[in-house]
Amino acid sequence: MPMSPHTEKHFTAGETVRDIVIGMSDGLTVPFALAAGLTGAISQTHIIVTAGFAEIAAGSIAMGLGGYLAARGDAEHYANEQAREQREIAAIPDAEAQEVRDIFQTYGLTAEECASVVASLQRRPKDWVAFMMRFELGLEKPEPSRAWKSAVTIALAYIVGGIIPLSAYLFLSNAQSALRLSVVVTLAALAVFGGIKGRFTGVPIVRSALQTSIIGGLAAAAAFCIARWIS
């Protein structure tokens, strides 16, 4: 009987999803809180919309820059640790070889089995360094373009998230009516966003939608209360 090939499907876009979650979550809550806080003091929706879009512009730039700097920091940290491992393998190879044995022994390999692996790695210094980076330090080599991708992803997600709560103020001239519609739209967006996130990360869609709605709703409510208290 012919056997069908075994294929495994794993989700590998975790960093991108994390960036989208960061940008979208803040985009849905911060502009909403600003608009809600201004609603109590200003009746003209066009002023609220202007302030909201100004905040979205500033927030997306700040969030994108933060994502860029964080990714650059990860890349620099990896490069520094890689250089340190290269120096240690050249200067103290016996100690590094013992670290390899210790790692494999935690997986149940015998001393004889470890010896053959260590000998193989000693003949390939580049692979030895890569092994130590991953299994000793738990570090994965970041993509060269990771910093810019993270910055753009977070910034765009923030813009998309920020437009959603402000959309009510674009279509309604009464600020109080716009606020009520904004609450409904924001909670619905949080639920849809949570469901999509669950679909991609393997978490049950309903549970992810509820978690995102509750957490995002609480964050928005807290920000709203602070904004109203200040105004």
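Just the heavy atoms: all of them, side chains too, but no hydrogens, waters or symmetry mates, feed the values below.
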Indicate yes or no for a side-chain donor-acceptor contact from [X] to the backbone of [Y] under 3.5 Å, with no hydrogens or angles considered.
{"X": "Ser120", "Y": "Ser116", "result": "no"}
{"X": "Ser150", "Y": "Arg146", "result": "no"}
{"X": "Ser182", "Y": "Ala178", "result": "no"}
{"X": "Ser208", "Y": "Gly194", "result": "yes"}
{"X": "Thr153", "Y": "Thr16", "result": "no"}
{"X": "Ser60", "Y": "Ile159", "result": "no"}
{"X": "Ser167", "Y": "Ile164", "result": "yes"}

Approximate separation, where rounding is to 0.5 Å, of Gln86 CD and Met132 CE: 12.5 Å
Same cluster for Val206 and Ile196 if Ile/Leu/Val/Met/Phe/Trp/Tyr side chains link at under 4.5 Å? no
Common cluster, Ile61/Val30, ILVMFWY with side-chain heavy-atom separation under 4.5 Å: no
Specify whether Phe131 and Phe104 have parallel, tilted or perpendicular ring planes, treating 30° as the upper limit for parallel and 60° as the lower limit for perpendicular. parallel
Tell me whether Lys141 is salt-bridged to Asp74, with the criterion being a basic N under 4.0 Å from an acidic carboxylate O. no
Any pair counted as salt bridge (Lys or Arg N to Asp or Glu O under 4.0 Å), so long as it reaches residues 148-168, sequence neighbours left out: Glu143-Lys149
Can you tell if the side chain of Val49 reaches within under 4.5 Å of the side chain of Leu170, non-hydrogen atoms only? yes
Residues forming a salt bridge (Lys or Arg N to Asp or Glu O under 4.0 Å) with Arg134, sequence neighbours excluded: Glu140
Is there a donor in the side chain of Asp102 and an acceptor in the side chain of Gln98, or the other way round, less than 3.5 Å apart? yes
Under 6.0 Å between ring centres: does that hold for Phe53 and Tyr169? no
Looking at Arg101, I want to see if its CZ is surrounded by more than 12 non-hydrogen atoms of other residues, nucleotides or ligands under 6.0 Å. yes
